[in-house]
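Take a look at the structure set out below.
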Amino acid sequence: MSRPFRFGVNLLEPASAGEWRAKCRRAEDLGYDVILVPDHLGMPAPFPALVAAAEATERPRLGTFTLNAGFWNPTLLAREVATTDALTGGRLELGLGTGYVRAEHETAGLPFGSPGERVDHLRRTVEELKRLLGSDEHQPQAAQRPRVPLLIGGNGDRMLRLSAEHADIAAFTGARTVPGSTTGQLTPITADELDERVARYLKFTEDHREEPPELNLLLQMVIGTEDREAAAQPFLEAFPDLTVDQVLDLPVSLVGTLDELTEQVLARRERYGFTYLTVLEPYMEAFAPVMERVRRGD
């Protein structure tokens, strides 16, 4: 039996107090299950933004998507997580990743390190958070027990193993960093490549749990159109090694009429097992009719 769908929106743009609350209420009115905030310089600070979102809404869960572990000392992070979970009434979902933008670390005066070093730091962070937040002696205490739900995002083997061991939600980006990029430039992975990554992850879970955790996919684009090939042209220009069919089959993109967008969402659950889909803020309105249609037929 498949899990029911959940849908999240990642709010990227800084805003005044009134504007922030208004767009959080709009996300709730549109039916989003989770309001999310990233962890990038130039974007809203995650924890105060989520507390403000909780004050403006009643129903949605609230999450970091995802925290850049290299920005955080685990002990100080535990304090932030517990306080935020308490102030939001136990609605927090903690998303963690290694971070992938070297330029942000340099701007902040923080070491970036090798991929292996970043995964090592994330593992230490996860294990320390589990120890601290699981202790009855830790102050402040989170509202949720035994712990705040944990999402881990990443595609590499070590990240997938870490997620298999510890995460309640495994998040896939459907993209990889362009080699040598210091600004976090991403290139999409194909549908077949994502098949392999998800299958690899599910293999890792066999040693750690009876049932796999919830699977999340970040959708990079949602375009309603009757001319799918025309909508694919900007992708073809950006990624000339891909064919039109490959572009239209990219897991991170939804392109087509409302019927086609709905079919594509259902196909991602059928093919990969994704039941938790996240869209970026610019597509919050465009995706809302798809959510409604999926729920009516689910």
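Below, all heavy atoms of this structure are taken into account, side chains as well, without hydrogens, waters or symmetry copies.
- For the ring-ring contact (aromatic ring centres under 6.0 Å, His included) condition, no pair includes a residue of residues 13-38, sequence neighbours left out.
- In this model, no donor atom of one side chain and acceptor atom of the other lie less than 3.5 Å apart for T275 and R268.
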Show me the donor-acceptor pairs, under 3.5 Å and distance only, between side chains in residues 60-71 and residues at least two apart or in other chains.
| unit_1 | atom_1 | unit_2 | atom_2 | d |
| --- | --- | --- | --- | --- |
| R61 | NE | E93 | OE2 | 3.1 |
| R61 | NH1 | G90 | O | 2.9 |
| R61 | NH2 | L92 | O | 3.4 |
| R61 | NH2 | Q144 | OE1 | 2.9 |
| T64 | OG1 | G95 | N | 2.7 |
| T64 | OG1 | G95 | O | 3.0 |
| N68 | OD1 | G70 | N | 3.1 |

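- To the nearest 0.5 Å, the span separating CG on L280 from CD on Q220 amounts to 5.5 Å.
- Not a single donor-acceptor pair under 3.5 Å links the side chain of E28 to the backbone N or O of R25.
- When atom types are taken as modelled, the side chain of T225 and the backbone of R228 share no donor-acceptor pair closer than 3.5 angstrom.
- Among the candidates E165, E128, E117, the single residue satisfying the salt bridge (Lys or Arg N to Asp or Glu O under 4.0 Å) test with R123 is E165.
- Every pair passing ring-ring contact (aromatic ring centres under 6.0 Å, His included) that includes a residue from residues 107-139 is listed here, sequence neighbours excluded: H105-F112.
- Here the shortest heavy-atom pairing between G154 and F172 reads O-CD2, 4.4 Å.
- In this structure, the side chain to side chain contact (heavy atoms under 4.5 Å, CB included) partners of E106, at least two apart in sequence or on a different chain, are R102.
- Shown here are the salt bridge (charged side-chain N to carboxylate O under 4.0 Å, His left out) partners of D157, two or more places apart in sequence or in another chain: R197, R200.
- In the displayed structure, E270 atom CD is contacted under 6.0 Å by at most 12 heavy atoms of other residues, nucleotides or ligands.
- Under the ring pair (Phe, Tyr, Trp, His ring centres under 6.0 Å) criterion, Y276 pairs with no residue at all, not counting sequence neighbours.
- Of the possible donor and acceptor atoms, one in the side chain of D168 sits under 3.5 Å from a partner among the backbone N and O of L150.
- Q141 places a side-chain N or O within donor-acceptor distance of the main-chain N or O of S135, the cut-off being under 3.5 Å.
- Atom CD of E196 is surrounded by more than 12 heavy atoms from other residues, nucleotides or ligands within 6.0 Å.
- When the salt bridge (charged side-chain N to carboxylate O under 4.0 Å, His left out) test is applied to E58, no partner is found at least two apart in sequence or on another chain.
- Shown here are the ring pair (Phe, Tyr, Trp, His ring centres under 6.0 Å) partners of F204, two or more places apart in sequence or in another chain: there are none.
- Atom CG of L219 sits about 7.5 Å away from atom OG1 of T278, to the nearest 0.5 Å.
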(Q) Applying salt bridge (Lys or Arg N to Asp or Glu O under 4.0 Å) to R59 and D29, what does each step give before you reach the verdict? (A) CA-CA 10 Å; R59 179 186 53 79; D29 291 343; over 6 Å; no
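- The heavy-atom pair separating P251 from T190 by the smallest distance is CD-C, 4.1 Å.
- Summarising the geometry, atom CG belonging to L160 is positioned 12.0 Å from atom CZ belonging to R158; distances are rounded to the nearest 0.5 Å.
- When hydrophobic residues (I, L, V, M, F, W, Y) are linked wherever their side-chain heavy atoms come within less than 4.5 Å, the members clustered with V101 are Y100, L186.
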Q.
Run the salt bridge (Lys or Arg N to Asp or Glu O under 4.0 Å) test on E19 and K23 for me, step by step, so that the C-alpha distance in whole Å, both residues' side-chain angles and the decisive distance to 0.1 Å come before the verdict.
A. CA-CA 6 Å; E19 292 170 336; K23 67 179 174 181; over 6 Å; no
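- Nearest heavy atoms, E237 versus P240: O-CD, 3.9 Å.
- Checking side-chain atoms of D85 against main-chain N and O of A143 turns up a donor-acceptor pair under 3.5 Å.
- Considering only heavy atoms from C-beta on, V290 stays 4.5 Å or farther from Y283 through its side chain.
- Through direct or indirect side-chain contacts shorter than 4.5 Å among Ile, Leu, Val, Met, Phe, Trp and Tyr, L132 is connected to no other residue.
- Between atom CD1 of residue I189 and atom OG1 of residue T173 there is a gap of 6.5 Å, rounded to the nearest 0.5 Å.
- Summarising the geometry, atom CG belonging to L250 is positioned 10.0 Å from atom CD belonging to E193; distances are rounded to the nearest 0.5 Å.
- Residues forming a salt bridge (charged side-chain N to carboxylate O under 4.0 Å, His left out) with D207 (at least two apart in sequence, or on another chain): none.
- Formation of a donor-acceptor pair under 3.5 Å by the D39 side chain with backbone atoms of P46 is not found in this model.
- F7 and F5 have parallel rings, their planes meeting at less than 30° on a 0 to 90° scale where 60° marks the start of perpendicular.
- Atoms CG and OG1, from N73 and T125 in turn, are 8.0 Å apart once rounded to the nearest 0.5 Å.
- Checked by atom type and distance alone, the side chain of E281 pairs as donor or acceptor with a backbone atom of E13 at under 3.5 Å.
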Atom pairs and distances, donor-acceptor, side-chain atoms in residues 241-248, under 3.5 Å, two or more places apart:
| unit_1 | atom_1 | unit_2 | atom_2 | d |
| --- | --- | --- | --- | --- |
| T243 | OG1 | Q246 | N | 3.1 |
| Q246 | OE1 | T243 | N | 2.9 |

